[in-house]
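First up is the structure itself, then whatever we jot down about it.
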Amino acid sequence: MSETGKDKGTRKSVTDQEALDFHAQGRPGKLEISPTKPMATQRDLSLAYSPGVAVPVKAIAADPSTAYDYTTRGNMVAVISNGTAILGLGNLGALASKPVMEGKAVLFKRFADVDAIDLEVDTENVDEFINCVRFLGPSFGGINLEDIKAPECFIIEQRLREIMDIPVFHDDQHGTAIIAAAGLINALTLTGRDFKTTKLVCNGAGAAAIACIELIKAMGFAPDNVILCDTKGVIYQGRTEGMNQWKSAHAAKTDKRTLEDAMDGADVVLGLSQKGALSEGMIRSMADRPIIFAMANPDPEITPEEVARIRDDAIMATGRSDYPNQVNNVLGFPYIFRGALDVRASTINDAMKIAAAEALASLAKEDVPDDVAAAYQGNRPRFGAEYIIPVPFDPRLISAIPMAVAKAAMETGVARKPIPDLEAYGRQLSARRDPIASTLQRIYERVRRQPKRIVFAEGEEVLMMRSAIAYANQGLGTALLLGREDRMRETAEREGIDLDRPGIQIVNARISKRIGAYTDYLYARLQRSGYLFRDAQRLINNDRNHFAASMVALGDADGMVTGLTRNYSTALEDVRRCIDPKPGHRVIGVSLALCRGRTVLVADTAVHDMPSSEELADIAEEAAGLAKRLGYVPRVAMLAYSTFGNPSGERSERVREAVNMLDKRRVDFEYDGEMAADVALNSRVMEQYPFCRLSGPANVLVMPAFHSASISTKMLQELGGATIIGPLLVGLDKSVQIVSMTAKDSDIVNMAAIAAHNAGA
């Protein structure tokens, strides 16, 4: 019923003037069109328009399906309304609906990377509306109808589906139905019910209510167990007053005539009507452990507080974001269209809707990532009465729902471009919203082919446990959780974490048979650095980093990840007592900066404070080597405040000396310097220096000092919207990665995957 920004809970936090200012500031509205191809030269224009554009025109004329290859059609949805049922505001006209339709288009892009354009059709005549939309078909891959009143919305959608060969989806109907069905699946599970025997009442007989009833019946609800009510009471067989063909299709064979009658003994009630429609007496008369979805907006039929006063066994959902279990359409439509577009579906059928509902229900049962916990102000939700529906900002929605929809489309024969590898498709979906996923995709794929044993050194930490489980679940290898088993299991039970699953191995450092071997190893390394045997013994017995690093050093694990409980430099110092640099290499930190579709490696961001010329040359080699392992062809820029001697200075001279050293080493990658950042990153500026050795913008930046590296990456993050991964630890003889103390579970899993990847290098 509710979409992000459409509920009373959201409106409480903003004033009318703030809302107007938001829409008016800068460029009015919420959308703009940006080109996806370069338009910088005459050649670009010749390719984009005349004469180059004639080539795809002829290709499409010969084979219309190639429009999906040469135009935006395959990723373009039209959001269309006539404004006859805007939110809960009623018939305010087509023009007044434009802010809502723009908002819908923004949600398509934000959540599923679907390009959408809003179209407001200024007519209430059904035939005129249908004719307008049908002839726009060649422009779009799908049609999202919105805010059209019933019963016209039924006629419009049905006829457009019949005459158009692309998906036509009235979200006010089916979006609400899909999300409600997902919540209902889980509520039935929690209360021990099933679809065949559960008794359900639906109050409200508009577009959303009819769609809900149709979908749950398609999912297996027995028609005799479903009663639909409107303002005149029960819709029963033989009733004539206030009826239409859509209500008649769901008329029940019953002697019940009022909502009160229908509610007596009911297991479930779906409210899609108005505030106050459900009384305390009705709720009291329901069966044990009732399921109450009060989805009217902005105010539900009955509030959770009212229900709590009379029953303590109910499961509730509303359309509001300030209560648990929000039935929010944004959980559905972006992802449903994403899956439908990606297989070029000719329609969105019941099987695809059911698949979306089931995927949503399954996702709510899974352990939630940090991004979801943040949406709950740090309170991590767990599957149960107050968490039966995922939240809109769950990053897993982008892969889970479209995959299910695409699979159902293929199985039911409406997919015109089947996807051969659904797992690969899921990874591509994740990359659409997450730049980190795109960059690390190749790493994950390589690790899955050769899984590794990674020690999660701080195994008693809840975040490490969740990250270890995610590592194992993604098929990356075995996660070795280091710590005291009794404490880990106590914490896991309290947090609802299952450690007894494939891919998880607990390493109890206190009783390990390898303690002696690790102590001997560490003592042999440290005895000439002022350490006694008992000092080495104490470090192995009491310090998780020394124990974990010794495991890796002696081959009992392939790599390790640490850093949650102590700062980077301290953790690195611990590790370096146990593991040396790789022969002929220098230990450095490299951060990956992902910004506006570009990935740039920045070094050194963790180890060297004020590197000498020799150290700068070594840093360049290490960073270039990492770039190659990540699949990039390195172009290394040695940065300074000056460019090729202008202006001169002592620090720039060190950079020039480093370049000369690389010349003597005859390295096998492109490099040059000293140069300012704009020269290194902008091809047009670089053209002013025709002698520059780089063939294009740099993808590896060697900073002249640690402070400049730290400042620049943090500025990119805050001002440029860049995503920063790392720093990645490079140059050790064994594979170790250190996360920041503020890392999220996704950060830890990424670093563990990188550790696993580097273990095979």
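Since the structure is predicted, the reported quantities are computational estimates derived from the model, not experimental observations. Heavy-atom basis, side chains included; hydrogens, waters and symmetry copies ignored.
No more than 12 heavy-atom neighbours from other residues, nucleotides or ligands sit within 6.0 angstrom of CE on M715. Under a cut-off of 6.0 angstrom, the local environment of OH in Y70 is sparse, with at most 12 non-hydrogen atoms contributed by other residues, nucleotides or ligands. Residue R534 places its CZ atom among 12 or fewer non-hydrogen atoms of other residues, nucleotides or ligands, all under 6.0 Å distant. Counting non-hydrogen atoms of other residues, nucleotides and ligands closer than 6.0 Å to OH of Y49 gives a total of 12 or fewer. Residue-environment remark: CZ (R501) exceeds the threshold of 12 foreign heavy atoms within 6.0 Å. Taking a 6.0 Å sphere around CD of E423, one finds it holds 12 or fewer heavy atoms contributed by other residues, nucleotides or ligands.
K628 is linked by a side-chain hydrogen bond (donor to acceptor under 3.5 Å, both in side chains) to D668, counting only residues two or more places apart in sequence or in another chain.
Using a distance-only test at 3.5 Å, with no hydrogens or angles considered, a donor-acceptor pair links the side chain of N75 to the main chain of D113. Side chain of S712 to main chain of A709: a donor-acceptor pair is present (N/O by atom type, distance under 3.5 Å, no hydrogens or angles). In this structure a side-chain-to-backbone donor-acceptor pair under 3.5 Å is present from R338 to A112. When atom types are taken as modelled, the side chain of T66 and the backbone of D69 share no donor-acceptor pair closer than 3.5 angstrom. Without hydrogens or angle criteria, D520 side chain to A517 main chain gives no donor-acceptor distance under 3.5 Å. Under a 3.5 Å cut-off, the side chain of S683 and the backbone N or O of G696 do not form any donor-acceptor pair. Remark: the backbone N or O of R693 is paired with a side-chain donor or acceptor of D672 at under 3.5 angstrom. Judged by distance alone, with hydrogens and angles left aside, the side-chain atoms of E458 form a donor-acceptor pair with the main-chain N or O of G563 at under 3.5 Å. Between the S613 side chain and the R654 main chain, a donor and an acceptor come within less than 3.5 Å of each other. When atom types are taken as modelled, the side chain of T478 and the backbone of R453 share no donor-acceptor pair closer than 3.5 angstrom.
The two residues T605 and S591 make their nearest non-hydrogen contact at OG1-OG, 2.9 Å. When all heavy atoms of A606 and Y568 are compared, the closest pair comes out as CB-CE2, 3.6 Å. Heavy-atom minimum distance, I504 versus A472: CD1-CB, 4.0 Å. Here the shortest heavy-atom pairing between A617 and L662 reads O-CD2, 3.7 Å. Between V561 and A752 the shortest heavy-atom distance is CG1-CB, 4.3 Å. The two atoms that bring I443 and A753 nearest to each other are CG2-O, 3.8 Å, heavy atoms only.
Under the 4.5 Å side-chain criterion, counting only non-hydrogen atoms from C-beta, L539 is in contact with L526. Side-chain contact between E614 and M661 is present, with heavy atoms from C-beta onward closer than 4.5 Å. At a threshold of 4.5 Å between non-hydrogen side-chain atoms, the residues V679 and Y689 count as touching. Counting only heavy atoms from C-beta outward, the side chains of E621 and H585 never approach each other to under 4.5 Å. Between S467 and K744 the shortest side-chain heavy-atom distance does not fall below 4.5 Å. Side chains of R566 and D543 form a contact here, defined as non-hydrogen atoms less than 4.5 Å apart. Using a 4.5 Å heavy-atom cutoff, the side chains of D733 and P583 are in contact. Contact of the I511 side chain with the E485 side chain is not registered, since no non-hydrogen atoms from C-beta on lie closer than 4.5 Å.
Listed by first then second residue, pairs satisfying side chain to side chain donor-acceptor pair (under 3.5 Å) with a partner in residues 695-710 read E670-S695, S710-K714, not counting sequence neighbours.
To the nearest 0.5 angstrom, I619 atom CD1 is 6.0 Å from I588 atom CD1. Atom CG of residue L463 and atom CE of residue M741 lie 12.5 Å apart, to the nearest 0.5 angstrom. One distance of note links CZ of R446 with CG of L630; it measures 7.5 Å at 0.5 Å rounding. Note that OH of Y68 and CG of D342 are 11.5 Å apart. Values are rounded to the nearest 0.5 Å. Taken to the nearest 0.5 Å, the OG1 atom of T599 stands 4.0 Å off from the CG atom of L594. Between atom CG of residue L564 and atom CD1 of residue I738 there is a gap of 12.0 Å, rounded to the nearest 0.5 Å.
With respect to the salt-bridge test (charged N to carboxylate O, under 4.0 angstrom), the residues D535 and R538 qualify. A salt bridge links R577 and E573; the closest N-O separation between the charged side-chain nitrogens and carboxylate oxygens is under 4.0 Å. A salt bridge does not link R586 with D604: none of the charged nitrogens is closer than 4.0 Å to a carboxylate oxygen. Under the 4.0 Å criterion applied to side-chain N and carboxylate O atoms, D558 and K452 are not assigned as salt-bridge partners.
Using modelled atom types, one finds a donor on one side chain and an acceptor on the other under 3.5 Å when comparing E674 with S642. Under 3.5 Å, the side chains of Y671 and D663 contain a donor-acceptor pair of N or O atoms. Side chain to side chain, R510 and N541 fail the donor-acceptor criterion of an N or O pair below 3.5 Å. For the residue pair T570 and N567, a side-chain donor N or O sits within less than 3.5 Å of a side-chain acceptor on the partner.
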- Task: Apply side-chain contact (heavy atoms from CB on, under 4.5 Å) to I748 and R466, showing your working.
- Result: CA-CA 10 Å; I748 299 170; R466 296 188 188 280; over 6 Å; no
- Going through the distances and angles, do I497 and L499 end up as a side-chain contact (heavy atoms from CB on, under 4.5 Å)? CA-CA 6 Å; I497 299 172; L499 297 180; 3.9 Å; yes
- R544 and F456: side-chain contact (heavy atoms from CB on, under 4.5 Å), yes or no, with the steps? CA-CA 10 Å; R544 64 197 72 184; F456 290 74; over 6 Å; no
- Report the C-alpha distance between V455 and V507 in whole Å, list the side-chain angles of each, state the deciding distance to 0.1 Å, and finish with yes or no for side-chain contact (heavy atoms from CB on, under 4.5 Å). CA-CA 9 Å; V455 186; V507 179; over 6 Å; no
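Y518 and F547 have perpendicular rings, their planes meeting at more than 60° on a 0 to 90° scale where under 30° would count as parallel.
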